[in-house]
Amino acid sequence: MAQKPGIPKGTRDFSPVEMAKRNYLFNTIKTSFQKFGFAQIETPSFENLSTLMGKYGEEGDRLIFKILNSGDYLKKADQTLLNDKNSTKLTSSISEKALRYDLTVPFARYVVQHNNDITFPFKRYQIQPVWRADRPQKGRFREFFQCDADVVGSKSLFQEVEFIQLYDEVFSNLGLNSVAIKINNRKILAGVADVANIADLLIDMTVALDKLDKIGEEKVKEEMREKGISDDAISVIQPLFELDGTNAEKLEKLGVMLAPSEVGTKGVEELNIVIKAVEELGLRNADLELDVTLARGLNYYTGAIFEVQARDVKMGSIGGGGRYDDLTGIFGLNDMSGVGISFGLDRIYLVLDELNLFPDSKNEGVQVMFVNFGDAEAMYCLKAVRTLRENGINAELYPDSAKMKKQMNYANKKGIPYVVLVGAEEMEANEVTVKNMLTGDQNKIALNDLKSFKI
RNA sequence: GUGGUUGUAGCUCAGUUGGUUAGAGUGCCUGAUUGUGGUUCAGGAGGUCGCCGGUUCGAGACCGGUCUUCCACCCCA
């Protein structure tokens, strides 16, 4: 019995129409990456499990797709762990490879491994699929593409400024004019924890704080209390809930609040430099918003944190990034600061689709189709097809001498704008009949004139 | 990983308290029209009702499991 075909949960096939749109997206982003001086690299789709584990937190470890060892993996497994049925501990015993979870950690691995061949600061971009064993939702897949641009080997805050401009450039070029680039700094969050005397609860505090616009002030405080943050500490944090005004005004208030904290003050300084520079240089469309509740992002961020949100569309973030001072440190290369951003290609696709922002892709498909009346006519047509192709026009001959209606229907469905008809009459006169499928008009053109035929 | 939701023709969806042979629109194929598509008309094909099991004289409908879809958590692009 034939088995019903299907693909795993959270994965997708891409049709020709979808690929045309996806390629448009890829190309727009690539063009901007190159314009900003980034060079492309690729890394394997799977890495050593040890390279990935422990880099994304406990939750991340769980979401990594592990690859079973080849051969009789159970025989080689640790018998004690096997008997205990402890999946977490057993994993390293039966799996030593895993699909990549993002592009940043493989990049860090790449930098350390090719350290001697790289000229720093190293600016690379990478567009490849990543995999997460997550439960799918809208705009959330188990296989999806990330488009990353990162710089390593420079601590300059001008890099942050450039990345904000890069975001603005890409989204403007895509016609997505209503985006918010949210920015925060890990040092500010550390400073807040510092002045509230809860440095050990920094992560719990930021996770709760991050939910502010979703669940509201009271519920955030509730969660903080549950995590063991005292009411005293919460009252110190209180000003964060009331932070409003322009970016500059927010920074001023933060400066006062965090004055007792060295790291907090540094965070305010850094944000000040970046925001001022961006404001002086100006952005085409995007808005830069200081958002102190922005806490997400991976465990390895140490400075700036970015997140991009599309307004007018209900969708998770369409981009994110930040600075990580010590990412290569875990692979043995210290003092190598990096900063980077990521574009969520699949989500941007959904947003553009919803807002109808994809341009018509007329010139990608076949522009001229030749109707096939038989072998003799077909040979005559193939010569004309070659002439048109040399002329830079996408042309094809219908392969079979099927019924006229079928051939015309094919051209119509594929949205081919011109159909050429060649029968005995045209062959005799060294002509072709060109029909405009939109208007229905048709006229005869000399074979020789196809060299200069214009769509 | 937790809780909920969805699945009927290629697609979008009807289908009454469980009752004979499961419908519509659209798309597809054929013809009207043997060198003219998109409009019109006539005809035709297409379904293990997601899958497995159970209850029942009888299940598309009820129950359990499983897969899938979407949603809320968690987390994230």
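Here the structure is a predicted model, which means the values were calculated and not measured. By convention in this document, chain letters (A, B, ...) are assigned in the order of the sequence lines, proteins followed by strands, and residues within each chain are numbered from 1.
Judged as a side-chain contact (heavy atoms from CB on, under 4.5 Å), and not counting sequence neighbours, the contacts of A/Lys451 are A/Thr387, A/Asn448. Residues that satisfy the side-chain contact (heavy atoms from CB on, under 4.5 Å) test with A/Val112, not counting sequence neighbours, are A/Thr328, A/Phe331, A/Leu333. In terms of the side-chain contact (heavy atoms from CB on, under 4.5 Å) criterion, residue partners of A/Thr433 (sequence neighbours excluded) are, by chain and number, A/Leu421, A/Glu426, A/Gln442, A/Lys444. Residues satisfying the side-chain hydrogen bond (donor to acceptor under 3.5 Å, both in side chains) criterion with A/Lys221, sequence neighbours excluded, are A/Glu217, A/Gln238.
For A/Gln309 and B/C76, the CD to P distance is 14 Å, given to the nearest whole Å. What separates CZ of A/Phe144 from P of B/C76 is a distance of 12 Å, to the nearest Å. The separation between A/Glu58 atom CD and B/C76 atom P is 13 Å, rounded to whole Å. Atoms CH2 (A/Trp131) and C1' (B/A77) sit 15 Å apart, rounded to a whole Å. A/Phe65 places its CZ atom 14 Å from the C1' atom of B/C76, with the value rounded to the nearest Å.
Side chain of A/Glu307 to main chain of A/Lys182: no donor-acceptor pair is present (N/O by atom type, distance under 3.5 Å, no hydrogens or angles). A/Asn69 contributes a side-chain N or O that, together with a main-chain N or O of A/Glu96, makes up a donor-acceptor pair within less than 3.5 Å. In this structure, the side chain of A/Arg100 engages the main chain of A/Pro44 through a donor-acceptor pair within 3.5 Å.
Taking atom P in both B/U68 and B/C74, one finds a spacing of 23 Å when rounded to whole Å. Across B/A24 and B/A42, the matching P atoms stand 15 Å from one another, rounded to whole Å. Between the C1' atoms of B/C70 and B/G53, the separation comes to 26 Å (whole Å). Look at the P atom in both B/C63 and B/U17: the space between them is 14 Å, to the nearest Å. On the C1' atoms, B/U8 is 14 Å away from B/G46, given to the nearest whole Å. Distance check on atom C1': B/A22 versus B/G47 gives 9 Å, rounded to whole Å. With both ends at atom P, the span from B/G23 to B/U33 equals 33 Å, rounded to whole Å. Of the C1' atoms belonging to B/G10 and B/A45, the separation is 13 Å, rounded to the nearest Å.
Counting only Watson-Crick or G-U wobble pairs whose defining distances are both under 3.5 Å, the stems of 3 or more consecutive pairs in RNA chain B are B:1-4 with B:70-73, B:10-13 with B:23-26, B:28-32 with B:40-44, B:50-54 with B:62-66.
Residue pairs meeting the side-chain hydrogen bond (donor to acceptor under 3.5 Å, both in side chains) criterion with at least one partner in residues 45-54 of chain A, sequence neighbours excluded, are A/Glu47-A/Arg109. Applying the ring pair (Phe, Tyr, Trp, His ring centres under 6.0 Å) test to residues at least two apart or on different chains, the pairs with a partner in residues 399-435 of chain A are A/Tyr398-A/Tyr410, A/Tyr418-A/Phe453.
Looking at heavy atoms from C-beta onward, A/Leu25 lies in side-chain contact with A/Leu174 at the 4.5 angstrom threshold.
When ring centroids are compared, A/Tyr125 and A/Phe33 come within the 6.0 Å threshold.
By the neighbour-count criterion of 12 heavy atoms within 6.0 Å, atom CG of A/Asp375 is sparsely surrounded, having that number or fewer from other residues, nucleotides or ligands.
Between the side chains of A/Asn285 and A/Ser172, at least one donor N or O sits under 3.5 Å from an acceptor N or O.
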Starting at the 5' end of nucleotides 33-39 of chain B, put B wherever the base has a protein heavy atom under 4.0 Å, S where only the sugar-phosphate does, and a dash everywhere else. --BBBB-
Tell me, for nucleotides 41-46 of chain B in 5' to 3' order, what letter each nucleotide earns: B for a base near a protein heavy atom under 4.0 Å, S for only sugar-phosphate near one, - for neither? ------
How does protein reach along nucleotides 66-74 of chain B, written 5' to 3' as B (base within reach of a heavy atom under 4.0 Å), S (only sugar-phosphate), or - (no contact)? --SSSSBSB
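When all heavy atoms are compared, the tightest approach of A/Ser337 to A/Lys155 is CB-CG, 3.7 Å.
Ring pair A/His114/A/Tyr110 is tilted by interplanar angle, where 30° to 60° counts as tilted.
Proximity of residues 341-350 of chain A to RNA chain B (heavy atom under 4.0 angstrom from any strand atom) is restricted to A/Arg347.
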Quiz: residues 339-352 of chain A side-chain donor-acceptor pairs under 3.5 angstrom, not counting sequence neighbours:
unit_1: A/Ser342; atom_1: OG; unit_2: A/Asp148; atom_2: OD1; d: 2.7
unit_1: A/Asp346; atom_1: OD1; unit_2: A/Phe145; atom_2: N; d: 2.7
unit_1: A/Asp346; atom_1: OD2; unit_2: A/Arg12; atom_2: NH1; d: 3.0
unit_1: A/Asp346; atom_1: OD2; unit_2: A/Arg12; atom_2: NH2; d: 2.7
unit_1: A/Asp346; atom_1: OD2; unit_2: A/Arg22; atom_2: NH1; d: 3.1
unit_1: A/Arg347; atom_1: NE; unit_2: A/Gly139; atom_2: O; d: 2.6
unit_1: A/Arg347; atom_1: NH1; unit_2: A/Ser317; atom_2: O; d: 3.0
unit_1: A/Arg347; atom_1: NH2; unit_2: A/Gly139; atom_2: O; d: 3.3

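Between A/Asp287 and A/Arg311, at least one side-chain nitrogen of the basic residue sits less than 4.0 Å from a carboxylate oxygen of the acidic one, meeting the salt-bridge criterion.
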